[in-house]
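Within every chain, numbering begins at 1; the chains are lettered A, B, ... in the order of the sequence lines, protein sequences first and strands thereafter. These numbers come from the heavy atoms of this one structure, side chains and all, not from hydrogens, waters or symmetry mates.
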Amino acid sequence: MAYDHTEIEKKWRDEWRKRGTYRVENDTTLPKYYVLDMFPYPSGAGLHVGHPLGYIASDIVARYKRHSGFNVLHPMGYDSFGLPAEQYAIQTGQHPAKTTEENAARYREQLDRIGFSFDWSREVRTSNADYYKWTQWIFLQLFDSWYDPKADMARPIAELITRFEATGCQGQDAEVLTGDIEEAIGPFTAAEWKSFSERTQQMVLQHFRLAYLSDAWVNWCPALGTVLANDEVKDGVSERGGHPVERKRMPQWSMRITAYAQRLLDGLDELDWTTSMKEAQRNWIGRSTGASVRFALSPSPSPEERGMRSEVAPARAGYFTADPAIAGRLMAHANSMRKNPTDAEDKLWQLIRGKGTGEKIRRQHIIDRFIVDFVSLPKRLVIEVDGDIHDLQKEEDAARSIRLKELGFDVIRFTNDEVYRDTHQVRDKIKEVLSKRTNVAEEEKLAERTDVEAATPLPRRGAGGEGTSPSPSEKGPGVKGIEVFTTRPDTLFGVSFLTLAPEHELVQTLTTATQRAEVEAYVKTSTNRSERERQAEVDKVSGVFTGSYAKHPFTGEDVPIWVGDYVLAGYGTGAVMAVPGGDQRDWRFAKHFGLPIIAVTEGADIEKAADERKDAVICSEGFLKGMQVPDAIRRATEELEKLGAGEGRINYRLRDAAFGRQRYWGEPIPIYYKDDIPYPLPESELPLVLPEVDKFLPTETGEPPLARAKNWTYSPLHRRGAGGEGSGSPSPSEKGLGDEGAYPLETTTMPGWAGSSWYFLRYMDPHNEGRFASPEAINYWQQIDLYMGGSEHATGHLLYFRFWTKFLFDRGWIPFDEPAKKLVNQGMIQGVSAFTPVVHTHKAFLHNSDRNGAKAPRFLVSKGRIPQFQENAASDELTSIYKENNPGFPEIQIEEFQATSFLNQHVPIALVDDKDRLNVSLFNDWRSQHAPDEQYRLFLELDGTFVCTREVEKMSKSKFNVVNPDDIIEKYGADTLRLYEMFLGPLEQSKPWDTNGIEGTSRFLKKFWNLFFEGDVLSVSEEAPTDAEQKVLHATLKKVTEDIGKMSFNTSVAQFMIAANELGTLKCHKRDILEPLTIALAPFAPHIAEELWSLLGHADSITTAKWPQWHARFLEESNFSYPISFNGKTRLQLEFPVALSKEDVEAAVLANPEVQLRLEGKAPKKVIVVHKRIVNIVV
RNA sequence: GCCCGGGUGGUGAAAUGGUAGACACGAGGGACUUAAAAUCCCUUGGUCCGUAAGGGCCGUGCGGGUUCAAGUCCCGCCUCGGGCACCA
């Protein structure tokens, strides 16, 4: 009977479905094994042959483990929220849910055809509300948690509040602060905490929550209309689509992954992941040890020089780090100023509040880094009432106005006197100005945004606001100066200047009047430059002097402070101590601006370059002179600590992860705003279902698409959902929120990585309605034993995945803190692309010729004729064609006709045969469909064929090199496809797909099938196997068993081939051989194995069969054929009994006449005999 | 620039320091066949000597080294792929 893959595979697909063969129970009596493939995004393009590679490998392991007595969890589902479906929705108006559904159905169909043992009853999709309910729930847990560095774990935020109420946040306790704000928040007492308004308290808490709202620099991608996480940006463009990305500051939900930096690093040590994967994560986390060094400011320049109040600068200078604390204080201050307005302010407020001017006016509002007295956000008008103090700071006010102007605000000022004299007149004046101003289209957005800003203590906000004169606690000992981070404190004596990032918050403060214009211009241009531009110009040195000086902590000398964009705002403190003698970047900066370069290490040639060696001796003057670098680092750190000018410090490159997306197709963030402060939706309100919208675009005012939804609000007293029915009584906490009505809901949605950060847990218990997964299920299944997926997820998914797992562990929801014990990356299967060389017409025609409107077809040149073209031999031919096509251009001067340069144009690989010959008629058909308007000419070989070129590259639709598994399956069957993908080479390696090779595995299956048949009749004998047959069987079982353990599937397939070939030669049709072999083959080729199994008379599925053990006794040989080598070169083979001792082998070898002949009578210097291996004779 | 991987026939590749190229594709030759497909058999790293049987030499990116023995270990380079990148 011939092997009919189509019929067999269909039969067993149906049968498996019917029988529920792959259904997995949470059966706790069996040992468990959890095999997981990385979550696929169901793209519209469907699967190509590269996608299933990892799935096949993991399926083999899953099936093998099942044969070996494990209860195996091997689920599949879809990461079904994401940008492509949404982009498609924007273009076509199709709801992303619909496209996603269709794509998933197509994926399912394709996956089913390959014969995977997935338990589809456990399928999860991130876009299903019963799934994302729990994604939202986890978000709420993150929002409700802070990271306690003392316990080194996440804790409920309630504990923090209790602590604040009891002891405030002081001294040692201030260390509790994590991440960006670690050092920034000023201490406060319990009493102060209690006196804070609800608003202020919530803002302080934002600094601690693991999911928090802040104003942050983000990667904004205008083309995608959303922010991107760092790992989604590659080389300054978006990973998806390659759109430019710019830096932008905006309110943003973030995840405090930085709190976990050290644990994410440490955890790697115990994981069985590839080194490259671990290295990528280590790199991304980027831990570096060094010291923080504080440079006090040199005596401040006079107020005139500085252009601002002298007391502000040093005080502010105490708050040098990325500085939410100041903002926190600023807000608190703004609040208190609202409560304690000046008389004039209050007088005016009473008139203009409410609808007094026809516009909503806010008072004491933070804009950028200033608190303004009054503002109309929609009309972008700032109203200032100046007290006497302003007379002293005209210049600062001017600077402030400039900054506000940049942001689109105009400022009108009134003096106290004016207000006192006639408040109404002032009001009318304001009304008049307001009425002339156009309402900024983004009214709503702006109002919200700035409110959020105001509600959020912002990093790097600080200096400059009037009335923010520092409290006593901000002055005094707290004043530290400029803090820098360095990994080389040993080079401190080589510091010749400091450099601040242009975004550094002290730049404004430190800039002297004379330098102001230059600095501001510089800061402006460098912040406006896109990331890409900045990256492209890394070799360009730029910077500007602020005019100020800092004090060297050891020498006390004045060190000039510069601004330079080679310093990154986001790393360390955004400031560096420049050691041009020891750091190449500093060196280039110093060279460029003629700053002094001090040699720090012995033997350095500082004229040529900085010396960055770490195995050197310090030579700069000072107490470190003569010390080895590592010793000097230690000593310098100690000295800094003694002086209170710094301390040892560890820095991470890892940034907090941007979490919100200004997009529709994602999980809604379960947050509502009351008084602009984010509050968590009560758990009972989950899931917060993604609302329907009329369009999937941002609103006219630039708000995310969710803002289009009707009633996108939350009313504590009226339950959301299901038409307001069953309005259960609100919980006490809900009551506490008051009943003012509907609060706006958050309009950004979660990023793609949210749902995929915990999906492995849901598979354990996918239908649980009361918990993300039951503790029983989690305790049983535990961690993933084998996680299979692409290495491109090294710094994105896999880091967040580990982060959420650690978090859930901290809060006691799961009993382990790493998701996947073993990780294997399958390589990429590349495509083979075919190209037709095309004459580069610009080179050919446009040379020195007037060519307006001239047309020419594309000249496609067969590979073999290229040399002829390059020698210009075809130019007459081309010229005539060119003239033919341009009858209106009789006088075209084709001065020099050269077709020396060729471009490669993709053609579908399917149109090219295995000798690279193009099927011209199919090609013509394809062209007429694909580019009907474009003319072309083919230049054939002399034999009339057209030969293409080939290249291996990524498999993708646009390169016309995609091979669809469906086609392969139709022709050869799924089992052949599975075997071939495994046979192609080592799993981890990337390799090109070449369909030609598939014949080999296809033949193998036929041969294997034929072992069971004689002619057309099933013929399996019950005869006892011979030793030779047993040897084939057991050698195969041994090899395959060992290879599966090593995930070396290509060699196991080769071994199956050897077995089939040898058993074929032996004409073996014996059950005792074939049956175990069939079980061993089952994980690789499940359909044919299942069919043969049933033909062997089994009613049960082969998947329940026990894995056959191999026995060494069948592999024992009585003789071994020793290779006899002379000086390591094998010359002959001699067979001896295995039992023969080394000495006997040696004697026998030397006695051999051929060996004697080769020795030419000389005695060998040495004879090495390795038992059952080799004999080497040294002569 | 830094950090990871790789580099073996025409191709995909195999090889606990112990016979380099298993297995497969492709190619060449042959059998069966009216023919083709399918199937089966033989040859297939390069090169030289030989009519032949057979034999010699060279070969795992390059150059050194360790060893009785190196694709495998060590040192230095070249090169391809991936990750990170003014990260102080």
Visitor: What is the per-nucleotide protein-contact pattern of nucleotides 55-72 of chain B, from the 5' end, where B denotes a base atom under 4.0 Å from a protein heavy atom, S denotes such proximity for sugar-phosphate atoms only, and - denotes neither?
Guide: -SSS---------BS---
Visitor: Would you tell me if any nitrogen or oxygen in the side chain of A:R653 comes within less than 4.0 Å of OP1 or OP2 on B:A88?
Guide: no
Visitor: For B:C40, which nucleotide in any strand shown is its Watson-Crick or wobble partner with both distances under 3.5 Å?
Guide: B:G30
Visitor: Answer yes or no on whether A:K278 is positioned over the face of A:W273, meaning its NZ or CZ is under 6.0 Å from the six-membered ring centre and within 45° of the axis.
Guide: no
Visitor: If you pin A:N1050 and A:M277 to their nearest nucleotides in RNA chain B, which one's is more 5'?
Guide: A:M277
Visitor: My understanding is that a pair needs two contacts under 3.5 Å, Watson-Crick or G-U wobble. By that rule, which nucleotide pairs with B:U11?
Guide: B:A24
Visitor: Under 6.0 Å between ring centres: does that hold for A:F497 and A:F593?
Guide: no
Visitor: For the CZ atom of A:F1008 and the CG atom of A:L979, what is their distance to the nearest 0.5 Å?
Guide: 10.0 Å
Visitor: Using Watson-Crick or G-U wobble geometry with both distances below 3.5 Å, tell me the partner of B:G1, or none.
Guide: B:C84
Visitor: Which nucleotide, if any, forms a Watson-Crick or G-U wobble pair with B:U19, using both distances under 3.5 Å?
Guide: none
Visitor: Write down the distance between CG (A:L268) and C1' (B:C3), rounded to a whole number of angstrom.
Guide: 15 Å
Visitor: Only pairs with both distances under 3.5 Å count, Watson-Crick or wobble alike; so what is the partner of B:U79 in this structure?
Guide: B:G6
Visitor: State whether A:Q281 places a side-chain N or O below 4.0 Å from either non-bridging phosphate oxygen (OP1 or OP2) of B:G83.
Guide: no
Visitor: So, are A:E1117 and A:K1031 salt-bridged, with charged N and O less than 4.0 Å apart?
Guide: yes
Visitor: Quick one: on RNA chain B, does A:Y571 or A:K991 contact a more 5' nucleotide (nearest heavy atom)?
Guide: A:K991
Visitor: Using a cut-off of less than 4.0 Å, is there contact between a side-chain N or O of A:T1051 and OP1 or OP2 of B:C23?
Guide: no
